[in-house]
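Here is the naming used below: chain letters follow the sequence lines, and residue numbers restart at 1 for every chain.
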Protein chains: 2
Amino acid sequence: MPSAAKAPTAESNRSSLSQVCRLLGFPGDTAAPRGEPHFLHRRVKPGHRLVSQGEPVEALYVVSEGHFKTFVADETGHQLVLGFPTRGDLVGADALFEQRHASYSVALTEADVVVIPFKALAGLGHGTGEFEPLLYRAISREIVADHSLRSLTSTLGAEARVARFLANFAERCGSRDAPATHVTLPMTRQEIGSYLGLTLETVSRAFSALAEAGLVDVAQRELDILDPEALRVLQKVHGSADTNRAPGRRTAPAPVAATRPIRRNVTWVDMLGAAA
Amino acid sequence: MPSAAKAPTAESNRSSLSQVCRLLGFPGDTAAPRGEPHFLHRRVKPGHRLVSQGEPVEALYVVSEGHFKTFVADETGHQLVLGFPTRGDLVGADALFEQRHASYSVALTEADVVVIPFKALAGLGHGTGEFEPLLYRAISREIVADHSLRSLTSTLGAEARVARFLANFAERCGSRDAPATHVTLPMTRQEIGSYLGLTLETVSRAFSALAEAGLVDVAQRELDILDPEALRVLQKVHGSADTNRAPGRRTAPAPVAATRPIRRNVTWVDMLGAAA
DNA sequence: CGACATTTTGACGCTGGTCAATATTGGTGG
DNA sequence: CCACCAATATTGACCAGCGTCAAAATGTCG
C-alpha cells in the first residue's frame with residue numbers, strides 16, 4: 001500500500017482548531033483562527049488500542065489518518081463491531097457519559113489522531129468556547145450515523161447491506177468527492193459481518209455475488225469498485241439461476257409506491273399507517 | 001388509563017436546572033441551584049408530534065411525563081422506530097448535527113416535556129455553563145443506549161429480544177428502583193417489532209410464548225411481569241458469529257505498549273481472539 | 001351497531017446461520 | 001530457500017428461525 005508512504009511524519013504533530021474543524025467536515029465554523037490552542041497528535045500502530053472499554057476517559061480523538069475499528073465486548077468475550085472510524089471521524093464520544101469509555105477502538109492500519117483532552121471539555125475551558133458547538137455537532141453526527149446504520153440493517157438483505165457498506169466505505173476513503181475506485185479493506189470478513197449483523201460466510205458470499213454481478217472486483221482485501229451507483233442503489237441481487245439476464249444493465253426494480261389513503265383521526269397517523 | 005388523570009396541570013410548567021438534572025438522572029451535578037434559569041414545559045397530546053424530521057431545530061426536550069416514539073421515515077414511507085423515550089430521556093439530540101431534526105417524535109400518551117431552547121446551546125450562554133457537561137452526558141448516553149440496542153438485536157433471538165425489551169420497559173416505567181410489575185404498553189406490536197428488528201407477527205408470537213412460559217401475563221396492551229429476572233436473563237442465543245473456543249487466554253491485559261512484532265494485521269487478536 | 005385497527009394463530013418457504021472442507025496468504029522456523 | 005503453520009477466505013450442503021401470506025378473533029371508535 002503506497003498510501004501514506006510520502007511524508008508521514010511531516011503531516012503534523014499538532015493541529016489548530018480550524019484544522020480540526022475542517023477535519024471534522026465543518027469548514028465554515030472556523031471562527032477564531034488566532035492564537036487558538038493547538039491540539040497534539042498521537043500515532044497508533046496497527047493492532048494497538050486507542051481506547052479501551054471501561055478505561056477512564058482522558059481525551060476524545062479525531063482520526064486524522066488511517067482506519068480503526070470500534071467494538072464492544074460482552075462478558076463472554078464476544079465482540080460486536082460498532083464502526084470503522086476513519087479520517088474525520090470522532091472517537092470516544094460514548095465516554096462522556098459516566099466518564100468511562102464504553103467501547104474499544106483499535107487501529108487497523110498505521111493511524112494518526114488528533115487528541116482533544118477531556119479537560120478542554122469538562123474543565124469548562126471557555127477559552128475554547130468556539131469548538132463546543134463543534135463537538136455537539138460531531139457527537140450528534142454519531143447518533144445520526146448510528147440510526148442510518150440501523151435503518152440499513154433492518155431494511156436491506158445481506159447482499160444489499162454489503163453493497164452499501166462497500167459503497168460507503170469507498171466513498172469515505174476517497175478524500176474529496178472522489179468516490180475512490182480502489183481500496184484495500186483494512187478489516188476482516190468477520191468484522192464486516194459483525195458490523196452489518198451477518199456472519200463472515202454470508203459476507204464472503206455477498207462479495208462473490210457482487211463480483212459475479214460485475215459491480216465490484218474483489219480479491220481478498222483488494223477491492224475495485226466497478227459500478228458505484230449500482231452498489232448504492234442495489235436492493236437485491238439474488239441471482240442464483242438467472243444471474244446473466246441482462247448483462248450490463250442492472251438498475252433497481254420499481255419500488256412499491258404504496259401510499260395508501262389511510263384516514264384516521266389525527267395527524268401522526270398519516271405516516272403511522274404506511275408501515276407494512 | 002388512569003395514569004396522569006390526577007393533577008395534570010399542577011405538576012409544573014417550569015423546571016429549575018437542578019430539577020432537569022435530577023430528571024436526566026444526574027442528581028450530583030446540580031451545582032448552582034440559585035437564580036438559575038427555569039425551563040418551560042410543553043404538553044403534548046397523544047398522537048401529536050413533538051418534532052418532525054427535517055424541521056429546523058428550535059429546542060431539545062427532556063421527557064417529564066408520558067411516552068413517545070421516535071422514528072425515521074424513508075422515502076417510501078416506511079418507518080423505523082428508533083426508541084420509546086419516556087421520563088428522563090432526551091429528545092432531539094440528533095438535530096444538533098445540521099440544525100435539523102433527523103427523526104420524528106410523537107407522543108403515544110398524554111405527555112409533558114421540558115423545553116431546552118436551542119439558543120441556550122448555540123448561543124453559548126456561558127451563564128448556563130453548568131449544564132453543558134450535563135448535555136454532553138445526556139447525548140453520550142443516547143449513543144451508549146444505541147450501541148446497547150444493537151448488541152441486543154444482533155446477539156439474541158426473537159423471543160429473547162422481546163423479553164429483554166419488556167424487562168427494560170417495565171424497569172423504565174417504575175420510577176425509582178421499582179421494577180414495575182404491571183404496565184400498559186403504549187405502542188403497537190408493529191412498533192415494537194420495528195424497534196427490535198422483527199415483524200409484528202413474530203412479536204405477537206413471542207408474547208404468547210413468554211406468557212405460556214409463565215414469565216409474563218399479557219392481554220392486549222396490558223402486561224404483567226411475573227418473573228422479571230428470567231426475562232432479563234433469558235437467552236436463546238441464536239445469532240452471534242463468534243464462538244469462544246480458546247478457553248485459555250481470555251483477558252487481554254496487554255497495555256498499549258508494543259506487545260509483539262506486528263505482522264501485517266495481527267496482535268490485537270488477543271481480544272479478537274477465539275474469534276474463530 | 002358497523003367499519004376499521006390491532007392482535008392472534010396457522011401454514012409455508014426463503015434468507016441466512018451453522019457445520020464442514022478446502023484454498024490462499026503471509027509469517028516462521030529448520 | 002522451502003516446508004510448515006496459523007489466520008483468513010471461499011464454497012458447498014443442510015436446515016431452522018423468522019418473514020410472508022392468510023384468515024379469524026378481539027377491541028375501538030364514530
List every contact pair, protein side and nucleotides 9-13 of chain D side both N or O, where the distance is under 3.5 Å.
{"unit_1": "D:dA9", "atom_1": "OP1", "unit_2": "A:Arg221", "atom_2": "NE", "d": "2.7"}
{"unit_1": "D:dA9", "atom_1": "OP1", "unit_2": "A:Arg221", "atom_2": "NH2", "d": "3.4"}
{"unit_1": "D:dA9", "atom_1": "OP2", "unit_2": "A:Arg189", "atom_2": "N", "d": "3.0"}
{"unit_1": "D:dT10", "atom_1": "OP1", "unit_2": "A:Arg189", "atom_2": "NH2", "d": "3.1"}
{"unit_1": "D:dT10", "atom_1": "OP2", "unit_2": "A:Arg189", "atom_2": "NE", "d": "2.7"}
{"unit_1": "D:dT10", "atom_1": "OP2", "unit_2": "A:Arg189", "atom_2": "NH2", "d": "3.1"}
{"unit_1": "D:dT10", "atom_1": "OP2", "unit_2": "A:Ser204", "atom_2": "OG", "d": "3.0"}
{"unit_1": "D:dT10", "atom_1": "O5'", "unit_2": "A:Ser204", "atom_2": "OG", "d": "3.4"}
{"unit_1": "D:dT11", "atom_1": "OP2", "unit_2": "A:Ser208", "atom_2": "OG", "d": "2.5"}
{"unit_1": "D:dG12", "atom_1": "N7", "unit_2": "A:Arg205", "atom_2": "NH1", "d": "2.8"}
{"unit_1": "D:dG12", "atom_1": "O6", "unit_2": "A:Arg205", "atom_2": "NH2", "d": "3.2"}
{"unit_1": "D:dA13", "atom_1": "N6", "unit_2": "A:Arg205", "atom_2": "NH2", "d": "3.4"}

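- Between B:Ala102 and B:Val72, the shortest heavy-atom distance links the atoms O-CG1, 3.2 Å.
- Between B:Glu110 and B:Arg43, at least one side-chain nitrogen of the basic residue sits less than 4.0 Å from a carboxylate oxygen of the acidic one, meeting the salt-bridge criterion.
- Under the rule for a side chain to side chain donor-acceptor pair (under 3.5 Å), B:Arg87 has no partner lying at least two apart in sequence or in another chain.
- Counting non-hydrogen atoms under 4.0 angstrom, B:Gly197 reaches the backbone sugars and phosphates but no base.
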Full working for ring pair (Phe, Tyr, Trp, His ring centres under 6.0 Å) between B:Tyr195 and B:Phe84: CA-CA 9 Å; B:Tyr195 177 66; B:Phe84 299 105; 5.2 Å; yes

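- C:dT24 atom C1' lies 14 Å from atom CD of A:Glu222, rounded to whole Å.
- Counting only residues at least two apart or on different chains, the salt bridge (Lys or Arg N to Asp or Glu O under 4.0 Å) pairs with a member in residues 216-230 of chain B are B:Glu229-B:Arg232.
- One atom, CD1 of A:Ile192, and another, P of D:dT8, lie 13 Å apart when rounded to the nearest Å.
- For B:Leu198 and C:dT7, the CG to C1' distance is 16 Å, given to the nearest whole Å.
- Side chains of A:Thr70 and A:Val51 form no contact here, defined as non-hydrogen atoms less than 4.5 Å apart.
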